[in-house]
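Every number for a ligand or one of its atoms is a count from 1 in the order of the listing.
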Amino acid sequence: MADTFVDSIMETVEARNGGDVEFHQAVREVVESIVPVVEKHPEFTAAGIVQRVVEPERQIIFRVPWMDDNGQVHVNRGFRVQFNSAIGPYKGGLRFHPSVNVGIIKFLGFEQIFKNALTGTPIGGGKGGCDFNPKGKSDNEVMRFCQSFMSELFRHIGPDTDIPAGDIGVGAREIGYLFGQYKKLTNTFVGVLTGKGLDWGGSLGRTEATGYGLVYFVTRMLEARGKDWKGQKVVISGSGNVAIYATQKVQQLGGTVIALSDSNGYIVDNDGIKLDTVRQIKEVRRGRIKEYVEEHPSAEFHEGWQGIWSVPCDVALPSATQNELDETGAKLLVSNGCIAVGEGANMPSTPEAVKVFLDGGVSFGPAKAANAGGVATSALEMSQNSMRLSWSFEEVDKRLKGIMDSIYTQCVEAADTYGCNDNLVAGANIAGFLKVARAMMAQGVV
Ligand code: NDP
Ligand code: 2IT
């Protein structure tokens, strides 16, 4: 039954979504994992649950015209894929990167459904973005772009309908401009976006949440091997929001982060990365990671981002982008003694790399479980907005830790129940899917 089931779902998905290879990849992984669930629950098949869950409820594509500082007009393409609202309003980030297309947004939105289910908070799955490149743009250009983007998006979202947030290329600055335009157009001050500034509805701890949550999740993976962070050498790819706060938490817990990267290359500092320098370069100056070696000449910069996986380490946290860690990188990590990999980015490991880790006895924390701390804390921001109050950093961090612990436990238990012991990829897919499937069953064929 297994092959026929997977083949029949994939045939439709591939026919309907032509060249969207990342989307095919994300769907195939989930569909392969849930074979034992579908075998045990014939009612899911009768209700067409899997056929429905792989088809977005709604996809919006729109023109985003804007004017640069020289008066020249540019046109970008904006997207919002509202994938599944079975357990709550659509929730997921916005990505601004030249590589964005509808397939990328569909893969991210699909992953978001199950990730959000795992958090235990009432949020459905969605994702959006634009092929706009914020790099090298002035603040005014970014503002005009964000205003144009929101001038269309506003009619499709709302605090009880769809709540976007940040992702690659969308941080506090962009969320501010997007929120300002939404407020102006609708004349409402509501929690329609998360990742807001602390003075206007944001939550303490949201900035740190994805990186911190990732490290809390990997802490549980290490504990299962009788280990903790003390003395562990850690390699983290990327040097954006996720990578920076993962680095901070690893350092607090006694590990040493020795490498970070951006799309140009990677730095290695065997004495431990000085995070203040990285934050100055990335958060304040919006510069490049290679500038690090100007201040720390004993560190090295190497051109080419993929080389980072050749740096020997105990723990690797890929936190840049999809498919950044392939079979070659995975084999290098394993042969250099890496014992744990936690995915900070969405789908950073190729299927071949995942296989290398699972076959090689590496503890592997898949993205939709390991990086769920960001969206979980977005849900905490929504709760605080609804109550019109703010929790302390300690309160938010305690809840985040509790959520990451619960996700880990759900993954382990689901893997155990369905005979895929120790496989957190299968565990995350099964536990997330079951929650969504039960809600879809209860709500009828809609
Ligand atoms: P940022 O924009 O803050 O940082 C992205 C980092 O990844 C930058 O260092 C960037 O380098 C690098 N990067 C991006 N694209 C590529 C590429 N094609 N090749 C190599 N490096 C690249 O984004 P985030 O830190 O927020 O996001 C990182 C990952 O984490 C993404 O996969 C995102 O989907 C995921 N994620 C984010 C969450 C969040 O709350 N922010 C939550 C859960 C997951 P450069 O500057 O050179 O482009
Ligand atoms: O991939 C993700 O989970 C995010 N970019 C965060 C989404 C959110 O709504 O906070």
Side-chain angles (χ1 to χ4, degrees), residues 22 88-100 104-105 107-116 118-119 121 123-129 133-136 162-175 191-196 202-203 205-214 236-247 260-267 278-279 281-283 286-290 304-308 317-325 342-349 367-382:
E22 292 86 0
Y90 310 108
K91 178 85 194 91
L94 296 171
R95 176 177 292 190
F96 293 167
H97 193 272
S99 64
V100 164
I104 297 281
I105 301 300
F107 118 66
L108 290 163
F110 182 73
E111 292 285 286
Q112 202 81 44
I113 305 171
F114 310 103
K115 180 196 306 197
N116 293 4
L118 287 169
T119 67
T121 61
I123 45 178
K127 199 85 186 191
N133 184 1
K135 270 193 211 115
D162 184 357
I163 305 92
D167 193 81
I168 291 178
V170 179
R173 173 182 63 173
E174 290 74 20
I175 294 292
V192 68
L193 290 159
T194 58
K196 299 186 289 299
S203 173
R206 175 62 187 89
T207 306
E208 295 84 353
T210 310
Y212 279 23
L214 169 66
I236 304 183
S237 63
S239 48
N241 173 266
V242 179
I244 286 176
Y245 293 96
T247 300
L260 287 174
S261 63
D262 64 19
S263 55
N264 295 115
Y266 62 101
I267 52 165
V278 175
R279 291 184 63 184
I281 295 168
K282 287 290 169 180
E283 295 183 335
R286 296 181 188 275
R288 309 303 303 158
I289 201 67
K290 68 176 167 207
W305 48 272
Q306 271 179 313
I308 193 169
L317 305 176
S319 302
T321 195
Q322 65 275 355
N323 291 330
E324 55 163 317
L325 172 45
E343 294 190 316
N346 285 305
M347 205 169 76
S349 313
K368 55 174 86 64
N371 75 30
V375 75
T377 307
S378 280
L380 300 180
E381 181 172 330
M382 290 163 64

Which residue and heavy atom of the protein sit nearest [atom], plus the separation:
atom: atom 9 (O) of ligand 1; answer: Ser239 N, 2.9 Å
atom: atom 2 (O) of ligand 1; answer: Gly169 N, 3.0 Å
atom: atom 41 (N) of ligand 1; answer: Asn241 OD1, 3.6 Å
atom: atom 24 (P) of ligand 1; answer: Val242 CG2, 3.9 Å

Can you tell which of [options] makes a side chain to side chain contact (heavy atoms under 4.5 Å, CB included) with [X]?
X: Tyr266; options: Leu260, Ile289, Ile236, Ile308; value: Ile308
X: Ser319; options: Thr210, Leu214, Ile244; value: Leu214
X: Ile104; options: Lys127, Arg95, His97; value: Arg95

So which of [options] gets nearest to [atom], if we judge by its closest heavy atom?
atom: atom 12 (C) of ligand 1; options: Gly373, Ala320, Gly374; answer: Ala320
atom: atom 40 (O) of ligand 1; options: Val170, Thr210, Asp167; answer: Thr210
atom: atom 47 (O) of ligand 1; options: Gly195, Gly211, Ser263, Pro98; answer: Ser263

Open item on the list: Can you list every protein residue that has a heavy atom under 4.0 Å from any atom of ligand 2, sorted by chain and residue number?
Closed with: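 Close residues (ligand 2, cut-off 4.0 Å): Lys91, Gly92, Gly93, Gln112, Lys115, Lys127, Ala165, Gly166, Asp167, Arg206, Asn346, Gly374, Val375, Ser378.
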
TODO: Using a 4.5 Å cut-off on heavy atoms from C-beta on, say whether the side chain of Ile175 contacts that of Val170.
DONE: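 Yes. Closest side-chain heavy atoms under 4.5 Å.
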
TODO: Indicate whether atom 17 (C) of ligand 1 is within a distance of less than 4.0 angstrom of some protein heavy atom.
DONE: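 Yes, there is one.
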
Open item on the list: I'd like to check the side chain to side chain contact (heavy atoms under 4.5 Å, CB included) partners of Asn133; sequence neighbours left out, ordered by chain and number.
Closed with: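 Here the qualifying residues are Pro98, Lys135, Lys137.
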
Task: Arg206 and ligand 1 - part of the residue with a heavy-atom distance under 4.0 Å - done: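 Looking at Arg206 and ligand 1, just side chain atoms fall under 4.0 Å.
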
Open item on the list: Side chain, backbone, both or neither: which applies to Ile168 and ligand 1 if a contact is any heavy-atom pair less than 4.0 Å apart?
Closed with: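 For Ile168, the contact with ligand 1 is made by both the backbone and the side chain.
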
Open item on the list: Under 4.0 Å, counting heavy atoms only: does Gln322 come that close to any atom of ligand 1?
Closed with: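 In this structure, Gln322 fails to qualify as a contact of ligand 1 - no heavy atom is under 4.0 Å.
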
TODO: Report yes or no: does Lys135 have a heavy atom closer than 4.0 Å to ligand 1?
DONE: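 It does, in that a heavy atom of Lys135 comes within the 4.0 Å cut-off of ligand 1.
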
